[in-house]
Amino acid sequence: MKFFKYIAAFFLVSLLFGCAGKYQAPNNITTPVNGLTKAQVKQAILDSGTKGKAAFGTWKMEVLNSNTIRGHLFNRKFEVVVDIPYSATSYSINYVSVSPNLQGSNGKVHRNYNRWVNNLDVKIRESIFRAK
């Protein structure tokens, strides 16, 4: 009888993990900033993408205008593009595009996109903390 309980439990766990989607809606992240100037926020964003090597790849940052930075991530055969509008009070990381091998149906993207964007957000927050 115990054997059947273990088999049933294994089956249910496998079913739950198997149903976790490979493709998800892309995350857009907005983070408040306190105590810095707009120039300091800009520099923190630029530093987060270019300083140091990360396990998920290195972001290349490009200034589009006085309020927006575009981030490009090239990770092996994958490419991710995000826009980062910023001000003295907040910044956002917004989805722009991904390479075809990361695209799903109905506007969804591979779950690695959300992981990479969350990692970028953590790096930006660390740079902002160091700038204070």
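For the numbers below, each heavy atom of this structure counts, side chains included, while hydrogens, waters and symmetry mates do not. Because the structure is a prediction, the values reported are computed rather than measured.
- Minimum interatomic distance between Ser99 and Phe78 (heavy atoms only, all atoms of both residues): OG-CA, 3.7 Å.
- Side chain of Gln40 to backbone of Thr37: a donor-acceptor contact under 3.5 angstrom is found.
- In this structure the side chain of Phe74 reaches within 4.5 angstrom of the side chain of His72, judged on heavy atoms.
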Listed pairs under 3.5 Å, donor-acceptor, residues 27-34 side chains, sequence neighbours left out:
residue : atom : partner : partner atom : Å
Asn28   : OD1  : Tyr95   : N            : 2.8
Thr30   : OG1  : Ser92   : OG           : 3.0
Thr31   : OG1  : Asp121  : OD1          : 3.2

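- Ser48 approaches Ile124 most closely through the heavy-atom pair OG-CG1, 3.1 Å.
- Grouping Ile, Leu, Val, Met, Phe, Trp and Tyr by side-chain contacts under 4.5 Å, direct or through others, puts Val81 with Val96.
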>> Using the rule given for side-chain contact (heavy atoms from CB on, under 4.5 Å), can you reason through Tyr113 versus Asn118, listing the C-alpha separation, both sets of side-chain angles and the distance that settles it, and then say yes or no?
In response: CA-CA 9 Å; Tyr113 166 84; Asn118 285 334; over 6 Å; no

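- Looking at residues two or more places apart in sequence or on another chain, you find no side chain to side chain donor-acceptor pair (under 3.5 Å) involving Glu126.
- The only option from Leu120, Asn94, Asn67, Leu46 that meets the side chain to side chain contact (heavy atoms under 4.5 Å, CB included) definition with Ile84 turns out to be Leu120.
- Using a 4.5 Å heavy-atom cutoff, the side chains of Ile69 and Trp59 are not in contact.
- For Thr68, the side chain to side chain donor-acceptor pair (under 3.5 Å) test picks out Asn65, with sequence neighbours left out.
- Evaluation of the salt bridge (charged side-chain N to carboxylate O under 4.0 Å, His left out) test over residues 63-80, restricted to residues two or more places apart or in two chains, returns Arg70-Asp83.
- Counting only residues at least two apart or in different chains, salt bridge (charged side-chain N to carboxylate O under 4.0 Å, His left out) contacts with residues 30-45 are absent.
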Sequence neighbours excluded and cut-off under 3.5 Å, please list the side-chain donor-acceptor pairs for residues 102-110, or say none.
residue : atom : partner : partner atom : Å
Gln103  : NE2  : Val98   : O            : 3.4
His110  : ND1  : Asn112  : N            : 3.1

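- Residues Val122 and Val80 do not share a hydrophobic cluster, defined by chaining ILVMFWY side chains whose heavy atoms lie under 4.5 Å apart.
- Asn114 is linked by a side chain to side chain donor-acceptor pair (under 3.5 Å) to Gln24, counting only residues two or more places apart in sequence or in another chain.
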